Amino acid sequence: MPELPEVETTRLGISPHLLGQRVTKLVVRQPKLRWPIPPSLIKALPGQRIDAVERRAKYLLVHTSAGSAVLHLGMSGSLRVLDAGTPAGKHDHYDWQLDSGRLLRFTDPRRFGSLLWQAPGRTHKVLVALGPEPLGDAFDGDYLWRLSRGRSAAVKTFIMDQAIVVGVGNIYAAEALFAAGIHPRRKAGSVSRARYRLLAEAIRRILHYAIQRGGTTLRDFISPDGVPGYFEQELYVYGRAGEPCRNCGSTIRSIVLGQRSTFYCPACQR
DNA sequence: ACTTTAGCCTGTCGGC
DNA sequence: TGCCGACAGGCTAAAG
């Protein structure tokens with residue numbers, strides 16, 4: 001499930017099965033996802049050959065010469081490559097049948113995921129306002145510091161804003177703020193440049209590490225429940241309310257920030 | 001220009 | 001056992 005490392009792991013898992021394949025048929029069982037699957041995609045995708053599979057933020061882009069599919073996993077979505085003829089379950093909303101005799105299947109109980117279509121040479125609306133990739137060159141502590149001046153929103157909300165930096169979800173935001181020693185409720189504009197440098201490095205390190213971990217657990221991409229147990233052993237604050245801080249022993253607290261639960265150590269994070 | 005809120009869905013879990 | 005509310009890893013549109 002989907003924060004950036006899971007999406008990247010998904011990309012690595014499905015890409016070899018998709019590249020060069022032709023989509024022989026699109027089966028849609030439930031078109032009502034986060035947005036309805038657009039008729040333009042239903043018309044254009046079948047018959048196309050897949051040229052590339054990219055990731056931008058938490059979106060997957062599947063490119064063909066006729067346009068690109070833009071996929072999002074939402075909160076509970078997953079993609080798997082299965083043999084054609086594998087019976088579909090209740091939450092299996094669409095399949096792409098492939099030349100190879102396999103299919104790409106999307107499963108999503110909560111239906112917050114999406115399947116959109118981008119015409120050649122265009123950038124889909126959902127991709128326009130996105131901030132830089134956290135693992136790319138344009139992202140660092142100075143960048144965060146500059147954009148945060150004058151901002152009164154909580155720093156956690158700030159780094160989860162996809163217009164600021166993409167791919168930092170609720171878990172990784174909490175973990176990165178712990179690593180940088182920043183209280184999640186602190187105003188973004190009051191965090192020092194030095195702290196933002198620590199924070200940016202923590203985000204990069206944690207995401208990179210999680211991708212490596214995901215890559216080893218999900219390599220063949222056929223495992224039915226799809227998702228590794230994250231690295232639950234290695235979480236410092238997320239989901240640990242009432243438990244001792246692994247650094248100082250203080251009791252981890254949980255609060256609600258922007259309607260999302262967040263976790264922090266009252267002694268290590270200021 | 002920024003910040004906050006409601007809402008899209010279903011499943012699961014804990015308390016009574 | 002069943003009912004009920006709280007909560008879940010995301011994101012957008014609209015309102016403030």
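Just so it is clear, the model here is predicted, and its values are computed rather than measured. Just so we're on the same page: letters track the sequence lines, and every chain starts at 1.
Ranking C:dG10, C:dA8, C:dT12 by closeness to the A:Ser261 side chain, first place goes to C:dA8. In the set C:dG9, C:dC11, C:dA8, the nucleotide with an atom closest to the side chain of A:Arg110 is C:dA8. Residue A:Met75 places its side chain closer to C:dA8 than to any other of B:dC9, B:dG11, C:dA8. For A:His91, the side-chain atoms get nearest to B:dG11 when compared with the rest of C:dG10, B:dA6, B:dG11. Of the candidate nucleotides B:dC9, C:dG10, B:dT4, B:dC9 has the atom nearest to the side chain of A:Arg111. For A:His72, the listed nucleotide lying nearest its side chain is C:dG10; candidates were C:dG10, C:dG9, B:dT10.
In this model, the phosphate group of B:dC9 is not approached by any side-chain N or O of A:Ser76 to a distance below 4.0 Å at OP1 or OP2. Contact check, A:Lys90 against B:dT10: no side-chain N or O comes under 4.0 Å of OP1 or OP2. Phosphate proximity of C:dG9 to A:Tyr172: absent, as no side-chain N or O sits under 4.0 Å from OP1 or OP2. The side chain of A:Lys58 contributes an N or O atom lying less than 4.0 Å from OP1 or OP2 of C:dC11.
Within the nucleic acid shown, A:Arg151 comes within 4.0 Å of sugar-phosphate atoms alone, with no base atom in reach, counting heavy atoms only. Looking at heavy-atom distances under 4.0 Å, A:Lys187 makes no contact with the nucleic acid at all. In this structure, A:Phe158 reaches neither bases nor backbone, as no heavy-atom distance under 4.0 Å exists between it and the strands shown. Across all strands shown, A:Ser114 has no heavy atoms under 4.0 Å from either base or sugar-phosphate atoms.
Heavy-atom contacts from other residues, nucleotides or ligands closer than 6.0 Å to CG of A:Asp83 number more than 12.
With hydrogens and angles ignored, the 3.5 Å screen pairs a side-chain donor or acceptor of A:Glu175 with a backbone N or O of A:Tyr238. At distances below 3.5 Å, at least one donor-acceptor pair connects side-chain atoms of A:His93 with backbone N or O atoms of A:Asp108. With hydrogens and angles ignored, the 3.5 Å screen pairs no side-chain donor or acceptor of A:Ser250 with any backbone N or O of A:Cys265. No donor-acceptor distance shorter than 3.5 angstrom exists from the side chain of A:Glu3 to the backbone of A:Pro5, with no hydrogens or angles considered.
Atoms CG (A:Leu33) and C1' (B:dT10) sit 13 Å apart, rounded to a whole Å. If you measure from atom CG of A:Leu71 to atom P of C:dC11, you get 14 Å, rounded to the nearest angstrom. Between the C1' atom of C:dC11 and the CG atom of A:Leu127 lies a distance of 13 Å, rounded to the nearest Å. Residue A:Arg34 contributes atom CZ, which lies 13 Å from atom P of C:dG10 at whole-angstrom precision. Between A:Leu116 atom CG and C:dC11 atom P there is a gap of 13 Å when expressed in whole angstrom units. In this structure, A:Leu60 places its CG atom 16 Å from C1' of C:dC11, rounding to the nearest Å. Rounding to whole angstrom units, CG of residue A:Asp108 and P of C:dG9 are separated by 15 Å. B:dG11 atom P lies 13 Å from atom CG of A:Asp92, rounded to whole Å.
Side-chain contact between A:Leu235 and A:Ile171 is present, with heavy atoms from C-beta onward closer than 4.5 Å. The shortest distance between side-chain heavy atoms of A:Arg29 and A:Asp92 falls below 4.5 Å.
Nucleotide C:dG2: paired with B:dC16 (Watson-Crick or G-U wobble, both distances less than 3.5 Å). Under the Watson-Crick or G-U wobble criterion, with both distances below 3.5 Å, B:dC8 is paired with C:dG10.
When the nearest nucleotides of DNA chain B are assigned to A:Gln259 and A:Leu147 by heavy-atom distance, the more 5′-ward of the two goes with A:Leu147.
Taking the P atoms as reference points, C:dC3 lies 24 Å from B:dC9, given to the whole Å. The gap from the C1' atom of C:dT12 to that of B:dG11 amounts to 23 Å, rounded to the nearest Å.
For the pair A:Phe112 and B:dC8, the ring geometry qualifies as stacking, because the centroid separation is below 5.5 Å while the planes lie within an angle under 30°.
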